[in-house]
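Notes to accompany the following structure.
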Amino acid sequence: MSQEADEIITILCTTEDFLRTQTALYLQFPSVLQVGLDAERRSQLILESIGFGELVPDEGTDELLRLSVDLSDEVDGPPTEETPVEEAFPPGFNEEVADDRLQTAPAPLVLDPEPEESGLGDPEETEDLLREAERTIGGAMGSDDPDTDEVAALDAGQDALVTIEDTSDPRSDLDGLFDGDEEGLDDSDLDGLGSLADSSDDDDDDDEIEIEIDEDDIEMFDLMADDEDDSPDEEETFVADLADIEKMKAKMSRDTPAVRVSAPQAAPSPRMQTPTPRVAGVAAVGVAGVAAGGAGVAAGLYGNPAVPTIRDRNSPKPAAAAIQIDDAQQAAAGHSSTGALLEEEEVLELGSSEDYGEEEEDIEGGGGLSLDVQEYDDEEEEEEEEEEFDDIELEELEPDDIALEPIDEGPTPEEIAALMDRAVAAVEDGDMEAGINLYSDALDSDPENVDAHVARGRLYLDYGDYSRAMSDFMHAESLQPDNPEPQIAVGDLHFARKDYSRAIDYFNEALKMSPDHAMAFCRRGISHYYRKHYKQALEDLNKARKLDDDIPNIRTYIAMAKKKAKR
Amino acid sequence: MADSDLQSLRDRLRQTIEASVASLSEEATESDFVSILAGIGAMKQIATQLVEVDRRATTLQRAIGGAGGAAADALSSRLEELTASRAKLVDALKTLTREMGR
């Protein structure tokens, strides 16, 4: 009985979808929303003006439905002619059944003009989101991150210079420091590295850093902390002369320290043995990259190029100081730490003691850490140490101690397909935000899912978010350069921006890849139509219809093109 | 139920809508879209209600066939109300279709 009514609804829905698409193409995003809201309000006014503010009285509807439900159930059973309706179906009888039927019945007329909450326009919700975003950003830039804290402190004008603070994993600092050459690295050598910047006040201690150098000439640098060097304004200087190491040692043993490392806020008390950077005649001192923290090291501190400092790559101000002995081999191998110099790309060269003497005035009068150099002459002793180290490593690497965690293989293809299906269903229900989220979930699991990229991009396009839409389309195109769908999607984007000429170019590309692509012909035909090339439009639209007669509104398009072509 | 009446209404509505859409040009304004969408929205609501009324009427007719006495009378009375409502809905659709065609 209601077949005609169903067909009318189909006609109306199809036309409405078409018009909403056209609205999105013609108008910008806010206007599209406004048109939708205005249309809803006006449709309500129309209904009221023709006396259909309430089409069918709600009064008695439930009762009617309940009656009809119960009586329809009785059709198969014996008739109850003697039983009055009121007794057979007392108030409240079978209400649950009736409610269930109501829920599964076709949607009744809803005349509430209030649009559903989209989550886009609520000012309070927007403010909450902004506050949440500020907290999030603040957390990322705040006290949880020692590196960023230090940068922030420096930005605030503090003269904190030595700031290797992350004590949780000293090895991570060394990773960047020595570019992976960790031969001879020992956990025990790393102990205390993180305390470089500890706010220890025990300046009386002769804290030192030992740097072991594995070469025919084995040197040991002891960076000895100087008691007097705890001023924030003190600078750090490392000088070593590998060629004249003995002379240097003698020089450093005198009153004037050869190397000064100022730890303005914290007197360093480290003791570390470095891995074995090989030292040639001239060594570069000063640069290390703390790769994990994203910081680079540049020689020079506040205008003094002689002081090595760690700089945050995003900040011109130094964030920490570090030391690395580099050589030509490392430089040739691309591991030269000097490559990380950011601003004052000046490498300190280790000179002879005489050379150093020429710079003596620069280092006099300061405290800080001094560099002490020791030499291992006894190779046997060294070999023994290495053997001990090897033993320790073997013990530590017992397979039983290695905990193998199961690898999370992520969602299966079936689960991803289910996500895609849910996304399609959400979009069909008009919930575009849910569709975007579901497509994003699918892409999280399968980043190379071209269909998801294109589909999500089209939703962004519907929202008028051209940049995100284009990003998705281009990503899809890069994944499958021979797939016409991304080309058509990009063409649609240009179409939406009323750049019909460029849209046609992309549709042409799509047709080169797939000469029988009905939708490409259709879209190109519509583009021709809006360029007022009606004959070309009619030709393309007819081809599209021949290829796929089920393209929505294809007949309407053809009729429009014919009408214009005749003129 | 006058199905032929509804069939002619369906055909006329299709022609009217196609003509209205075809009249939209590149220079169409927001107001043009709002007008057509509003008319379509109103008609869609009426048509939806029409479907619902038909569904209820069908159920009632089946129920009346199995009922008797006072129950059948009560159901018949309801069915008449629904039929009257349906006629109003069809008239409203005709009116809106005419309005859209102008």
Side-chain angles (χ1 to χ4, degrees), chain A residues 1-9 11-13 15-16 18-20 22-23 26-27 31 34-36 38-47 50-52 55-56 60 64-65 67-69 71-72 74-75 79-85 88 105-111 530 556 559-560 563, chain B residues 1 3 6-7 9-10 13-14 17-18 20-22 24 26 28 30-31 33-60 62-72 74-75 78 81-82 85 88-89 92-93 95-96 99:
Chain A
M1 191 188 309
S2 62
Q3 182 182 354
E4 289 77 16
D6 285 334
E7 289 178 4
I8 288 173
I9 291 177
I11 293 169
L12 292 169
C13 288
T15 310
E16 188 179 35
F18 169 71
L19 285 174
R20 290 192 184 280
Q22 293 294 303
T23 308
Y26 279 121
L27 307 174
S31 300
Q34 194 60 44
V35 165
D38 288 348
E40 284 188 25
R41 289 195 199 96
R42 192 177 294 187
S43 66
Q44 176 63 23
L45 291 174
I46 290 171
L47 289 171
I50 59 175
F52 280 86
L55 298 176
V56 177
L64 175 65
L65 182 63
L67 283 172
S68 62
V69 167
L71 288 175
S72 63
E74 287 185 1
V75 169
T80 56
E81 293 182 5
E82 295 78 11
T83 307
V85 174
L109 178 61
V110 178
L111 298 178
Y530 287 113
T556 304
M560 293 164 61
K563 193 174 177 180
Chain B
M1 300 297 166
D3 288 344
L6 208 54
Q7 284 174 359
L9 173 61
R10 177 199 59 195
L13 178 65
R14 179 181 287 140
I17 285 179
E18 284 187 357
S20 298
V21 170
L24 286 174
E26 193 174 351
E30 291 181 27
S31 176
F33 283 106
V34 168
S35 297
I36 298 180
L37 283 171
I40 289 174
M43 283 194 284
K44 204 168 70 174
Q45 292 196 46
I46 292 175
T48 303
Q49 191 68 13
L50 189 61
V51 171
E52 177 67 10
V53 166
D54 280 349
R55 190 188 66 79
R56 292 178 182 176
T58 303
T59 307
L60 274 178
R62 286 173 52 204
I64 290 171
L75 293 175
R78 297 288 186 187
E81 291 178 12
L82 280 180
S85 297
K88 287 183 181 178
L89 291 169
L93 275 179
T95 303
L96 291 177
E99 290 295 322

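So that the names make sense, note that chain A is the first sequence line, chain B the second, and so on, each numbered from 1. Treat the numbers as computed from the prediction; the structure is a model and nothing was measured.
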So, do B:Val51 and A:Ile8 sit near enough that their side-chain heavy atoms are less than 4.5 Å apart?
-> no
Structural part of A:Leu19 lying under 4.5 Å from a heavy atom of chain B = both
Under 4.5 Å heavy-atom distance to chain A, tell me which part of B:Ile40 shows up: side chain, backbone, both or neither.
-> both
Smallest heavy-atom separation, B:Ala42 atom then A:Ser43 atom, equals N-CB, 3.6 Å
Would you say B:Leu37 and A:Asp38 make side-chain contact, with heavy atoms under 4.5 Å?
-> no
A:Thr556 OG1 to B:Arg14 CZ distance, which is reported to the nearest 0.5 Å | 10.0 Å
Rounded distance (nearest 0.5 Å) linking atom CD of B:Gln45 with atom CG of A:Leu12 | 11.0 Å
Interatomic distance, A:Leu47 atom CG to B:Ile46 atom CD1 [nearest 0.5 angstrom] = 5.0 Å
A:Arg42 side chain to B:Ser35 side chain, donor-acceptor N/O pair below 3.5 angstrom = yes
Pair count under 4.5 Å, heavy atoms only, with chain A: among B:Val34, B:Ile17, B:Thr95, B:Leu93, highest is B:Val34
Got a second to check how far A:Ile9's CD1 is from B:Gln49's CD, nearest 0.5 Å?
-> 10.0 Å
